[in-house]
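Here the structure is laid out as structure tokens; the discussion comes afterwards.
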Amino acid sequence: MLDIKKLRDNFDDVQTSLKKRGYKIDKSLFFSLEDSRKELQINVEKLQAERKKLSSEFGKLKASSKDTSDLKNTIDQLNVELESKDSDLQELLTKQNNLMLDMPNIPDTTVPEGTNEDDNKVLSEHGKIISTNNLDHLEITKKIDTEIASKLAGSRFAVLKGDMVKLQRSLINFMIDCAIENGYEEYYLPYMANENSLIGTGQLPKFEEDLFKASEKLYLIPTAEVPLTNLFRNEFINEKDLPIKVTSHTPCFRSEAGSYGKDTRGLIRQHQFEKIELVQITHPNESMKCLENLLNNACEILDKLCLPYRIIELCTGDLGFSSSKTFDIEVWMPSQNKYREISSCSNFTDFQARRANIKYKSQDGNNFVHTINGSGLAVGRCLIALIENNYDGKDSIKIPDCLIDYFGSSTINVN
RNA sequence: GGAGAGUUGGCUGAGUGGUCGAAAGCGCCUCCCUGCUAAGGAGGUAACUGGGCAACUGGUUCGAGGGUUCGAAUCCCUCACUCUCCGCCA
């Protein structure tokens, strides 16, 4: 959520910024709501003050057992007026709030301008592309089975067997250990979240169709970002405790509505996948530095796994709803002959903090924190990358050195 | 699933109709004392929000939403959540 004061005072600046990401604010709507709000609010508060005063006089008259009927009449009339004005005001505030909840975050001034992903900027490429293999992961190993998964649950699910499960488990443990080493505290979390949590991180109300609803009140989490960030919802944090770094491995559930026909083969786009999430709760002055730190933490994993990847900076038109600045990490997928997203690291500035009411206390008063998060990493996609990049073209997949202790062997025989 | 108790400021916790945005304690901040630390003393310290250049000055909030009342933390109703005991259970 944006700061409404910013809109009141610098509407044109905000409008210009949001335009860069393709969002249009209706200026006349905003100010017509705002003008009525101001007038009504002043009016209502005046009436409330008056009632307060008269009620206390009423009490005094009562105490000295004097006649109160005239005063009661006055107050009754006042209450009728107050009630109608107040309900107008409430209606208006709801409209205004809905308008605010619909607005995306303001892109950071350093974000390159653009209209869609074609305008994203490649910042750097890392590692050597050595694989000449063009078989995809389903062709390389039979231990990933999406057909049998469709019997169990439908399309966009997978069943893993034997070595592949163990490899996935090794990746998870390796990634979590990296995060811990980098100062993140590990959490085990609920895989379902309530509505308020999802509003806090920005999935609701606008993106309900992307979620799986598990019951009347609970949704399956689309990412551990939701529970990790909401750990701090409605909390005050001591300034000296910032930044707070937390991590968790969870499954993630996404309906992938609107991606029909896209990435239908294999593990790349599933309703359910494993992910390690990194979250930092930071001081506003430090957040960009923390974003770089988090990005490095994520890249480090690919470095250690010796997988080729590149870093992309998203342009204004491709930024996620809540994000102010985002770096994507894309890993090389030999079978597709291109890089695919494996992590998205974002600075949400105070956008989520405002929605989730996460503040820090400092000498100059209370202020909203900035929230940062990114995958560290998406496990399913990492598994694909590992299989496809490390396949020898004949019968085995090489396990990177950093995983050998976790996996217990230096190769997987695929026959 | 059955029975009961609770939800108040950063925390603990008092408060059953106006003098309560709220006792007390803890914590925190400022100052005094002290060679330093500890202890001690004085004062300050809820959040959100409106108007105003500002000084300042209004309003809202005691889990949420309704109701009663001139007036509600306090009375009534509904809901959510937490805890305890019993039952069941990985």
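- Comparing the C1' positions of A39(B) and C33(B) gives a spacing of 11 Å, expressed to the nearest Å.
- Spacing between atom NZ of Lys217(A) and atom P of C79(B) amounts to 10 Å, rounded to whole angstrom units.
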*Sugar-phosphate means primed atoms, P, OP1 and OP2; the rest is base. With that split, encode nucleotides 50-61 of chain B 5' to 3' as B, S or - using protein heavy atoms under 4.0 Å.*
SSS-----BSS-
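- There is a side-chain donor-acceptor pair under 3.5 Å between Asp102(A) and Tyr23(A).
- If you measure from atom NZ of Lys53(A) to atom P of U19(B), you get 17 Å, rounded to the nearest angstrom.
- Under the 6.0 Å cut-off for aromatic ring centres, His271(A) and Phe212(A) qualify, their centroids lying closer than that.
- Between Lys72(A) and Lys359(A), the residue anchored closer to the 5' end of RNA chain B is Lys359(A), taking for each the nucleotide with the nearest heavy atom.
- The distance from atom CZ of Arg233(A) to atom P of C81(B) is 13 Å, rounded to the nearest whole Å.
- Between Phe30(A) and Phe11(A), the ring-plane angle classifies as tilted under the 30° and 60° cut-offs.
- Taking atom C1' in both G15(B) and A22(B), the straight-line distance is 8 Å, to the nearest Å.
- With no hydrogens or angles considered, no side-chain donor-acceptor pair links Ser324(A) and Asp108(A) at under 3.5 Å.
- No salt bridge links Glu292(A) with Lys289(A); every basic N to acidic carboxylate O contact stays at or beyond 4.0 Å.
- Between Asn79(A) atom CG and G67(B) atom C1' the separation is 15 Å, expressed in whole Å.
- Rounded to whole Å, the C1' atom of G9(B) lies 13 Å from the corresponding atom of C28(B).
- Side-chain N/O atoms of Glu81(A) and Gln77(A) include no donor and acceptor closer than 3.5 Å.
- In RNA chain B, stems built from 3 or more consecutive Watson-Crick or G-U wobble pairs, each with both distances under 3.5 Å, span B:1-7 with B:80-86, B:10-12 with B:24-26, B:27-32 with B:40-45, B:46-51 with B:56-61, B:63-67 with B:75-79.
- OP1 or OP2 of C70(B) has not a single side-chain nitrogen or oxygen of Asn73(A) nearer than 4.0 Å.
- As a whole-Å value, the separation of Ile237(A) CD1 from C11(B) C1' is 16 Å.
- Using the six-membered ring where Trp is involved, His283(A) and Tyr360(A) have ring planes that are tilted, between 30° and 60° apart.
- Nucleotides G10(B) and U84(B) are separated by 27 Å at their C1' atoms, to the nearest Å.
- For the residue pair Glu388(A) / Ser335(A), a side-chain donor-acceptor distance below 3.5 Å is found, with atom types taken as modelled.
- Counting any heavy atom pair closer than 4.0 Å across all strands shown, Asp76(A) reaches sugar-phosphate atoms only and no base atom.
- In this structure, CZ of Phe236(A) is placed 17 Å from P of U45(B), rounded to the nearest angstrom.
- If you take atom P in A73(B) and the same atom in U19(B), they sit 10 Å apart, rounded to whole Å.
- C70(B) atom P lies 9 Å from atom NZ of Lys62(A), rounded to whole Å.
- The closest side-chain donor-acceptor pair between Ser344(A) and Asp328(A) falls under 3.5 angstrom.
- By the 30° and 60° cut-offs, the orientation of the rings of Phe351(A) relative to Phe321(A) is perpendicular.
- A distance of about 31 Å separates the C1' atoms of G17(B) and C26(B), rounded to the whole Å.
- Atoms CG (Asn196(A)) and P (G65(B)) sit 12 Å apart, rounded to a whole Å.
- When the C1' atom is compared between G21(B) and C76(B), the two are found 24 Å apart, to the nearest whole Å.
- Between the C1' atoms of A80(B) and A64(B), the separation comes to 7 Å (whole Å).
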